[in-house]
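Please read all numbers here as calculations on a predicted model, not as lab measurements. Heads up: numbering here begins at 1 and tracks the sequence. Each ligand, and each atom within it, is numbered from 1 in the order the structure gives.
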Amino acid sequence: MKQVWICLAATALFGSQTAIGAEIAPADVKFQDMTIEQSLTGVAGNPEEGAKILASRSLGNCLACHAVTPLAKEQFHGDVGPALDGVADRWSATELRAIVVNAKHVFTKETVMPAFYSLDVGVRVREDLVGKTILTAQQVEDVVAYLQTLKETN
Ligand code: HEC
């Protein structure tokens with residue numbers, strides 16, 4: 001019984017900590033058509049961190065579905081989605097943010113691309129992800145910062 005209470009107290013503490021700060025909670029993210037104008041954190045994204053998140057299987061795992069030439073050495077990539085080379089020429093930063101937060105708002109509801117900053121990640125959600133987003137708000141900003149570096153003219 002004692003252990004249960006310690007566990008509950010820890011959950012309450014952790015829960016309140018995540019609410020602190022200027023971060024926009026997943027349910028409060030505002031889409032304007034196909035864009036999210038406002039940074040989720042107010043802190044500029046770090047493209048180097050973003051590249052790591054794209055390649056990480058436990059985080060973005062973007063390479064499972066997308067080819068990205070500068071990251072080709074990192075991991076064998078899939079081709080379920082389009083290559084992300086030159087993606088910054090096709091989409092603005094605010095559109096890229098919307099795609100990463102919840103691709104269903106930009107493509108179709110049936111898209112296989114996961115919603116990375118939404119509590120509504122779909123029916124086949126892994127049990128350990130229930131009630132959590134796949135990426136944190138800052139990780140989304142980092143990924144968007146990296147995507148902005150992917151120009152054809154590079
Ligand atoms: C399960 C497969 C899958 C994963 C994982 C995935 N995507 Fe996608 N993504 C797609 C598909 C498929 C599309 C094309 C739109 C459609 O058909 O729904 C797409 C489209 C995109 C586009 C628009 C590309 C263009 O050229 O128009 C961007 C940007 C993008 N994804 C970024 C990402 C990022 C960043 C990640 C990781 C954080 C990621 N995707 C993870 C499947 C995936």
Among all protein heavy atoms, pick out the one at the shortest distance from atom 11 (C) of ligand 1; state its residue, atom name and that distance to 0.1 Å.
-> Gly81 CA, 3.7 Å
Backbone of Leu84 reached by a side-chain donor or acceptor of His66 within 3.5 Å = no
Do you see a protein non-hydrogen atom under 4.0 Å from atom 31 (N) of ligand 1?
-> yes
Determine, using the 4.5 Å side-chain heavy-atom cutoff (strictly less than), whether Val43 and Leu40 are members of one ILVMFWY cluster.
-> no
Would you please determine whether Tyr146 falls within less than 4.0 Å of ligand 1 on a heavy-atom basis?
-> no
Taking atom types as modelled and ignoring hydrogens, do the side chains of Thr35 and Glu37 form a donor-acceptor contact shorter than 3.5 angstrom?
-> yes
Taking only heavy atoms of Leu96, which atoms of ligand 1 are found under 4.0 Å from at least one of them?
-> 29 (C)
Do ligand 1 and Thr111 have nitrogen or oxygen atoms that lie under 3.5 Å from each other?
-> yes
Provide the number and element of each atom of ligand 1 under 4.0 Å from a heavy atom of Val87.
-> 24 (C), 26 (O), 29 (C)
Looking only at protein heavy atoms, which one is nearest to atom 25 (C) of ligand 1, and how far off is it?
-> Trp91 NE1, 3.3 Å
In terms of the angle between their ring planes, are Phe31 and His105 parallel, tilted or perpendicular, with boundaries placed at 30° and 60°?
-> parallel
Please report which non-hydrogen protein atom sits nearest to atom 38 (C) of ligand 1, along with the residue it belongs to and the distance in Å to one decimal place.
-> Cys62 SG, 2.6 Å
Which atoms of ligand 1 are found less than 4.0 Å from any heavy atom of Val80?
-> 12 (C)
Under a 4.0 Å heavy-atom limit, does Val143 contact ligand 1 with its side chain, its backbone, both, or neither?
-> side chain
Is the closest heavy-atom distance from Pro114 to ligand 1 below 4.0 Å?
-> yes
Heavy-atom distances under 4.0 Å are what count here, so tell me which part of Ile53 touches ligand 1: side chain, backbone, both or neither.
-> neither
Could you tell me the angle subtended at atom 8 (Fe) of ligand 1 by SD of Met113 and NE2 of His66, rounded to 10°?
-> 180°
In terms of side-chain heavy atoms, does Gln138 have a donor or acceptor partner in Thr41 at a distance below 3.5 Å?
-> yes
When distances are taken from atom 2 (C) of ligand 1, the protein heavy atom at minimum range is Cys65 SG, 1.9 Å
Identify the closest protein heavy atom to atom 14 (C) of ligand 1: which residue and atom is it, and at what distance?
-> Pro82 CD, 3.5 Å
Give the numbers and elements of all ligand 1 atoms closer than 4.0 Å to a heavy atom of Asn61.
-> 5 (C)
Taking every non-hydrogen atom, the tightest pair across Thr149 and Pro47 | CG2-CB, 4.2 Å
Verify, without hydrogens or angle tests, whether Asp89 (side chain) and Glu152 (backbone) share a donor-acceptor contact under 3.5 angstrom.
-> yes
Looking only at heavy atoms, what is the nearest atom pair of Leu71 and Ala51, with distance?
-> CD1-O, 4.0 Å
Do Glu141 and Arg97 meet the salt-bridge criterion of a basic N to acidic O distance under 4.0 Å?
-> yes
Is Asp142 reaching over with its side chain to a backbone N or O of Gly45, donor-acceptor style, under 3.5 angstrom?
-> no
Within 4.0 Å of some non-hydrogen atom of Phe116, the atoms of ligand 1 are 36 (C), 37 (C), 38 (C), 39 (C), 41 (C)
Answer yes or no: is there a donor N or O on one side and an acceptor on the other, between the side chain of Glu49 and the main chain of Asn46, under 3.5 Å?
-> no
Per-atom contacts, ligand 1 versus Val112 - under 4.0 Å to a heavy atom | 1 (C), 12 (C)
